[in-house]
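Before any comments, here is the structure.
What you see is a predicted model; the values in this text were computed from it and never measured.
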Amino acid sequence: MKIKGAIIAAAAVMAVSTAANAGTLDDVKAKGFVQCGVSTGLAGFAFTDANGVWDGFDVTFCRATAAAIFGDPNAIKFTPTTGKTRFTALASGEVDILYRNTTWTLSRDVDLGFTFLGVNYYDGQGFMVRKGLGVKSAKELDGATVCIQTGTTTELNLADFFRANGMSYEPVPIETNAEAQQKYLSNACDVYTTDASGLAATRATFEKPAEHILLPEIISKEPLGPLVRHGDNEWGDVGRWVLNALIIAEEKGITKANVAELAKNGSSDPEVNRLLGKEGSDGDQLGLSKDWAVHAIAAGGNYGEIFERNIGESTAIGLARGLNQLWSKGGILYAPPFR
Amino acid sequence: MAVISNDGDGFRLGMLVYDTRYRSYTIQIFALILFMLAVAWLLDNAITNLALLGKTFSFGFLFETASYDINQRLIDYTSTDTHARAAIVGILNTLLVAFLGCITATIIGVIAGVLRLSNNWLIARLMTIYVEAFRNIPVLIWILITVAVINESLPAPSGFRGADPAASPFLGGMLVLTNRGFYIPAPIWGDMSMAVVAVFLLSIVAMFVFRRWARKRQEATGEILPVLRISLAIFFLPTLLAFFALGMPITLEYPELKGFNFQGGVFMRDSLIGLWLALSLYTGAFTAEIVRAGILSVSKGQSEAAFALGLRPNRTMNLVVLPQALRVIVPPLISQYLNLTKNSSLAIAVGYMDVTGTLGGITMNQTGKAMECILLLMTFYLIASLSISSVMNWYNERVKLRER
């Protein structure tokens, strides 16, 4: 009996593995929804609202991807992943695409076998401390106890930063943002470090956000973006061009409000017409419908709208566009031409 | 077994199936082949799929720079060391908490187990509550609770600062309890301190020699010496004498508040304390039940006979009941020790860097070598568990009933 069980298990493993090797886009279309890996909970980026519905900056990009494929932003299932579990989840095929504040690095791109599709948030690692501590600069943190999320680039940057500055510190590795927050608030750590956007988002959820400050030093480059498994270029193209379409939409002034009208009546700008499927056959080339970008933009608006609604200056998180402003407006957000 | 006779028509292939002498071998060999095929299939499948993902199977990453820091290190380690060294740091941390946990779990378990049999209604009921509360709630929750209690209830190091601090150290600066961990003084080994250590080691040897001699003497003459008191005297007095005679060569380094944290002394992190406490209390509850079962398994007639011979209750317990109870206690105790060691892998939940946190956590995540790391982890836990059980089995051999 045991032997039989083992053979069945082996056969099952085989079956699963063969499925994972076929084209992801076909698989996704066949199962009828996109499986998107997101954070376990980070205010503004990925969280569940009072009704248990996922929302946030990263989540909206996931929904736009689903909308581009199925025309329905709700044809999606979310898998919350920690810094530690995210890569295994993606590599094993548990999720189709990962939108989880993940930094694009060489080793992840090459060694871990993933393909980064672009950058949806340009970030850098910062430090948050209590105001009462009287610390003005990260260079004054010698001997401090620092809370970090494990399994991130953060802990490597941190080690480098303290080593480069000849300082010592006491690292406290934490699995999720919620636990780190609890440790930091109970004063078991002096400093909480992660991407500056994550710090701002975390601080916004504190009872008294004004008692905490972000130190001026940004110690790393953290280009955060979506990623998929290596070797499935068709699927990678879909994810990449959904992201690009949302950025181009902002450039061209296509918003959630006017996208339907522009798609119906056309525009004087040929690039807008190509994007919205009035001209050209870009949708077919991607293996999607003609009006894929219309659905993607209708899901949550263009890049700027998504940013403002979830993490922008009018929200509690209050992040400035900064580097994430369009290239034409002083930022470095730059999508390749749609042609 | 009768001798297999070779007269008749000799061996035929059909006998492998129809002859009861061979059938069991045939089935077993067939099963073994199938099993090995299944394993080979799984392995081949894993390797093929890794290759499809563009991943290689190699342990070379162990000798690359780890580039991350570990807070608790029993050996020297910096972020420029290799992943292999980080794994060893983690292994030592696992062994440390497992070792501490096994000792305290045994002590707690024996006390709670004996007290649960107490005639005092209140004490017996309190121990019942302890046992039932701890063994019926998952250990992960106990670990999180203990660390949260330390974090939330004790003062932060900043509470010790200022002219009129909100918190102060205990025992004249010897013990500092903060929500980041506990500090105790660390010994500073001066000149001649090794002589004191040597005296101490010699007195331990002397203590065992004395106990042996006392037992022989008791067997020969029947006279009982106050063994415990004399042992304690041998344990402490020569060392203390040597310590003072040599001009107190060992001094203590007290923890002092410097900058963000206390510096100096021995630092026991909140994560270590919490994990150690939770694991001990949890496993202690199971041990208590094992001890209680062991004591109850010794028939009442044994202690009654001992009393009839005029032995006092504590001697009855030590000489009659416990030696017999141990035979029942030790085998299930082995699995409790194994459980504790394996449960220590929950350490990452509170940020204790055990081997699951270093090798199976950060290293695995930064290098992406999931297969290799998990295999190494499994090997480590297997070796650790087998070592513990072989030591305990050796002990079990010693205490088990010798039939003469």
*So does B/R180 pair up with A/E170, basic N to acidic O under 4.0 Å?*
no
*Which answer fits A/C147, side chain, backbone, both or neither, if we ask what part of it has an atom under 4.5 Å from a heavy atom of chain B?*
neither
_Separation of A/E179 CD from B/I348 CD1 (nearest 0.5 Å)_ = 9.0 Å
*Below 4.5 Å from any heavy atom of chain A, which atoms of B/I70 appear? Answer side chain, backbone, both or neither.*
backbone
_Exceeds 12 heavy-atom contacts within 6.0 angstrom, atom CZ of A/F206_ = yes
*So do the side chains of B/V147 and A/K183 get within less than 4.5 Å of each other, counting heavy atoms only?*
yes
_Quick check against the 3.5 Å criterion: does A/E175 have a side-chain atom that pairs as donor or acceptor with the backbone of B/V350?_
no
_If you compare all heavy atoms of A/S186 against all heavy atoms of B/N179, which two are closest, and at what distance to 0.1 Å?_
O-ND2, 2.7 Å
*Could you check if a side-chain atom of B/M364 sits within less than 4.5 angstrom of a side-chain atom of A/K84, using non-hydrogen atoms only?*
no
*chain B heavy atoms under 4.5 Å from A/I148: which part of the residue, side chain, backbone, both or neither?*
neither
*Largest heavy-atom contact set with chain A, pairs under 4.5 Å, which of B/Y352, B/F260, B/Y68*: B/F260
*Run the side chain to side chain contact (heavy atoms under 4.5 Å, CB included) check on A/T145 and B/N71 step by step: do they pass?*
CA-CA 10 Å; A/T145 305; B/N71 49 12; over 6 Å; no
_Shortest non-hydrogen contact between B/N151 and A/A188, atoms and distance_ = ND2-CB, 3.7 Å
_Segment of B/F267 engaging chain A (4.5 angstrom heavy-atom cut-off)_ = side chain
*Give, as side chain, backbone, both or neither, the part of A/T152 having an atom under 4.5 angstrom from any heavy atom of chain B.*
backbone
*Pick whichever of A/L141, A/I174, A/D160, A/N157 has the most heavy-atom pairs under 4.5 Å with chain B.*
A/L141
_Region of A/F162 that comes under 4.5 Å of a non-hydrogen atom in chain B_ = neither
_Nearest non-hydrogen partners of A/A159 and B/S79, listed with the distance_ = CB-CB, 3.9 Å
*Looking only at side chains, do B/N365 and A/T150 share a donor and an acceptor under 3.5 Å apart?*
no
*For side chain to side chain contact (heavy atoms under 4.5 Å, CB included), just list the numbers for A/R163 and B/T80, CA-CA rounded to whole Å, side-chain angles, deciding distance to a tenth of an Å, and then say yes or no.*
CA-CA 10 Å; A/R163 188 153 64 92; B/T80 48; 3.2 Å; yes
_If I take atom CD from residue B/E64 and atom OG from residue A/S107, how far apart are they, to the nearest 0.5 angstrom?_
10.0 Å
*For B/T367, is it the side chain, the backbone, both, or neither that has a heavy atom closer than 4.5 Å to a heavy atom of chain A?*
backbone
*Please name the pair of heavy atoms, one in A/G143 and one in B/N261, separated by the smallest distance, quoted to 0.1 Å.*
O-ND2, 3.0 Å
*Contact class of B/V39 relative to chain A, heavy atoms under 4.5 angstrom*: neither
*Using non-hydrogen atoms and a 4.5 Å limit, figure out which bit of B/A46 sits close to chain A: side chain, backbone, both or neither.*
neither
